[in-house]
Number of protein chains: 2
Amino acid sequence: MPASAGPTVASPREAAEDTPAPLAGGARGPHALHPLLDTTLDALAQGAATREGPFPAGGPEAVTARLRALAGPALPETGTGAHEALHSLVSALAEGAADPAHPHCAAHLHCPPLALAAAADLAAAALNPSLDSWDQAPAATALEALTTRALAALAYPGRPAADALVTTGGTESNQLALLLAREAAAKAEAEKAGKAGEAGKAGKAGQAGEAGQAGERGPAPLRVVCGANAHHSIHRAAWLLGLPAPLTLPTPTGVLDPTTLQAALAELTATGAPTLVVATAGTTDTGRIDPLPAIAELCRTHGARLHADASYGGPLLFSDTLRPALAGLDHAHTIAIDLHKLGWQPVAAGLLAVPDTTALTPLAHHADYLNAPDDTRAGLPDLLGRSLRTTRRPDILKIAVTLRALGRRGLGDLVERVCAAAQHLADLIEAHPSFELHARPALSTVLFRPTGTDDRTTAALRRTLLHHGHAVLGRTTTPEGLWLKATLLNPHTTPDDLRTLLTLVEGQARR
Amino acid sequence: MPASAGPTVASPREAAEDTPAPLAGGARGPHALHPLLDTTLDALAQGAATREGPFPAGGPEAVTARLRALAGPALPETGTGAHEALHSLVSALAEGAADPAHPHCAAHLHCPPLALAAAADLAAAALNPSLDSWDQAPAATALEALTTRALAALAYPGRPAADALVTTGGTESNQLALLLAREAAAKAEAEKAGKAGEAGKAGKAGQAGEAGQAGERGPAPLRVVCGANAHHSIHRAAWLLGLPAPLTLPTPTGVLDPTTLQAALAELTATGAPTLVVATAGTTDTGRIDPLPAIAELCRTHGARLHADASYGGPLLFSDTLRPALAGLDHAHTIAIDLHKLGWQPVAAGLLAVPDTTALTPLAHHADYLNAPDDTRAGLPDLLGRSLRTTRRPDILKIAVTLRALGRRGLGDLVERVCAAAQHLADLIEAHPSFELHARPALSTVLFRPTGTDDRTTAALRRTLLHHGHAVLGRTTTPEGLWLKATLLNPHTTPDDLRTLLTLVEGQARR
């Protein structure tokens, strides 16, 4: 620890009586940060060396006990100083981390971030702009506008007013998509009932009056239709928003079947219910992409809105060779894309794209201290309608730095690498006598299992690999039963890494 | 730029054909991060030096034009390499930042983060644990549990099962508080209607069935009652959740008046409507604290739930001398506290505390790939009920490092410093012939204005200070008209800084 270069490990009495702990911002911030970052990097290296693998061994009880022993009391009366606290807690966290940068950590849509994105994110933390008003984030506001529009243009080619909101991830993007659909439906109902002027003035078509309640806002609330393959956050968002539970169509093949959807839409739209269809481009379970062109055509025919949850698959847009798999995506009214999955950003880096910025009008919101009318008239940008959050970190900075550093082709190359790794793993599994492959991978997810095992054994195998800290694999249930799931998101993973992974799993399965 | 120490600024062709950009995690992560962090710190220093003050001059058009010129195309076909991208975008962001570490940047509840907290946050970005399942965040899960319980114990002394969720800020905390109240009300209605067993089994008492809608879940939906002094996010949360608009009581004195509240509660509860009262401990406009003991007593008498939005004032709990101002806080069913206000954390660091962890049950949620029943039975912690988000950054790390480094007393000292600074600024204003003070500050917010100005002039004065980049002040309207608002959150601010600030404002006002 370079204690001499930084603030000394002061006793808390001194800290309380003398100068307060240094700040990250201002002219002196970089100087104050330097020795603390050295301590952080030392602690990260030490933790990784102690762990020695993708995951800490011993299971939840042992890992928790170890962390508690290292962390001590969470809120001591007097402090231990910056370097001691940083070193002990960061090394404890690193020692007990599931490390997505290790090629055998491949359970979830949990990517290893690029070093350059993490370094950029430090600047966001140090400057601490908050994107709820322009006077807290002048340059960050402009950078966000520039970057989100460039990303939206990728999702909606040929739409000059395409726009995107920055979210905490697919879950919030899906929530916003349902909210925008709920408000559009309420506005249409209000217009039908001849109350358009009033509802429009209030800017909140969906909100009932003082004495009303959500259910009174129209005879037919929004119905959400999705496949059983859709992300769980669709159901949770409907619950949150006070909407009926989504109509969930069976997806035995792993994707939404247009024939099944057509029957459901015919029945629903006959009742006059405003309808939102949710399609998935890259399911969490198998990585498959719903047939977007056919679904978009059905939505058009039946007057339904379409939301595409491309949280996983969206970044295929960066790749010339893989982009065709997303044909039809731009017919969706809203698109969720996560750059903390394929995009290699530290969490959070979610996006919700729309073909035209006016589609975001229902989110308009007023708070006098942030967007007073006279300030807005005087030219201060009004940011409150860009999120349901108020205080908001500039997650756009790390994204913007990554886009500039790698370019579209550089990012496309990373996407291609992990998809190629998945194909290679599938090859290895198909050639392996002890393993069964579920299907050729659509994106970078590979489902497999030892031949001839039952579900209980497969589930226990996954937990045992986790318990020993040897490998972190996920799980998926299909009509054929339970599978191990490898979600490959590490562009550095080599064919050798994949062979070793299979050897590990095989060895454990044999025991 | 130490380009020699890090990855060279490769042409994108090379980047695409050779080794992919380095990762932040793994054994090699710290080595890869080191030169990139040097570049980031250089860029932060350069940006701050170019800005030379609290805020970039020139207004929105000039700042945006400058950022666009420096940032170039947001998504180039080929990249410029890590160091070039980091340096140009971080320095552009720093140059155009509102810097809360500058003592004349005091508009909003927008704090200057501690260097140690920003350094800790880097580790969160590099390791990238995601708190939606234990196998993505083993040690982070344990650290979050340890730390949130210690903070909850501070808010709810003597409640051994007190707990807290980590949120993106007061807005999400308020949203969750309303959601928990909505679900509690729906559960009570269901129990009244003898459907308790069924609703309990589903675990989502508030969600209507397939064919139902929110409005059908009971004859009396939750009514939210708050003061006009409450944060705007209360109204927005009600809209989001499909609840009736809150009943908003006038607060001409700046705080919720118990007599007004009593009348409202008597009327509402007579109708049998389940009711949630929202009190504020530290309003955004003036920093005042609603009379919590009297409000809590009224809620008890009328069978209403109580949510305390202590996003701003909550950290007074750290201070022995200031804590008494929060007497009665622990009677609230839910408490919002932000550590990115008084707490000196980079965004986000929100908390929602509850007196007993069972109060969080309505958030329970199931997704087979994250918390399959057999995995939970086998002892893997189930985290989905800890947030409405799925992927979730460990914001707890920077908080835990800060608590350990400073201790309760060290944090209390920082809170006392900024409250003392506010008292001192009020003294200076009272003694100044050209300024009018609104009232003695309750926390660290000071409202003042040049004597004898009208609202339009005051609003223009604020914008002019902003335009010149001289000072960043907020605004508040009270029954006495518009005021300039200084929200003092910088513990390094000196009496000299405050005198200079007044001199600046006075000079501008004279022009």
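Everything quoted here is computed from the prediction, not taken from an experiment.
Salt bridge absent: Asp374(A) and Arg456(B) never bring a charged side-chain N and a carboxylate O closer than 4.0 Å.
Proximity to chain B (any heavy atom under 4.5 Å) is restricted, for Leu397(A), to the side chain, taken from C-beta onward. Of the two parts of Thr477(B), only the side chain, counted from C-beta on, holds a non-hydrogen atom closer than 4.5 Å to a non-hydrogen atom of chain A. At a 4.5 Å heavy-atom cutoff, the contact between Thr284(B) and chain A is made by side-chain atoms alone. The parts of Ala94(A) that come within reach of chain B are both its backbone and its side chain, each placing non-hydrogen atoms under 4.5 angstrom from that chain. At a 4.5 Å heavy-atom cutoff, the contact between Pro56(B) and chain A is made by side-chain atoms alone.
Atom CG in Leu116(B) sits 11.0 Å away from atom CG in Leu37(A) (nearest 0.5 Å).
Judged purely by atom type and a 3.5 angstrom limit, Arg393(A) uses its side chain to pair as donor or acceptor with the backbone of Val347(B). Not a single donor-acceptor pair under 3.5 Å links the side chain of Arg463(A) to the backbone N or O of Ala378(B). Although no hydrogens or angles enter the test, the distance criterion places a donor-acceptor pair under 3.5 Å between the side chain of His110(A) and the main chain of Asn128(B).
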For a side chain to side chain contact (heavy atoms under 4.5 Å, CB included) check, start with the C-alpha distance between Thr78(B) and Arg408(A), then their side-chain angles and the critical distance, and finish with the verdict.
CA-CA 6 Å; Thr78(B) 55; Arg408(A) 183 186 65 76; over 6 Å; no
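Annotation: His365(A) is in aromatic contact with His232(B) [ring centroid separation under 6.0 Å].
Side-chain contact annotation: Asp135(A) with His108(B), donor-acceptor N/O pair under 3.5 Å present.
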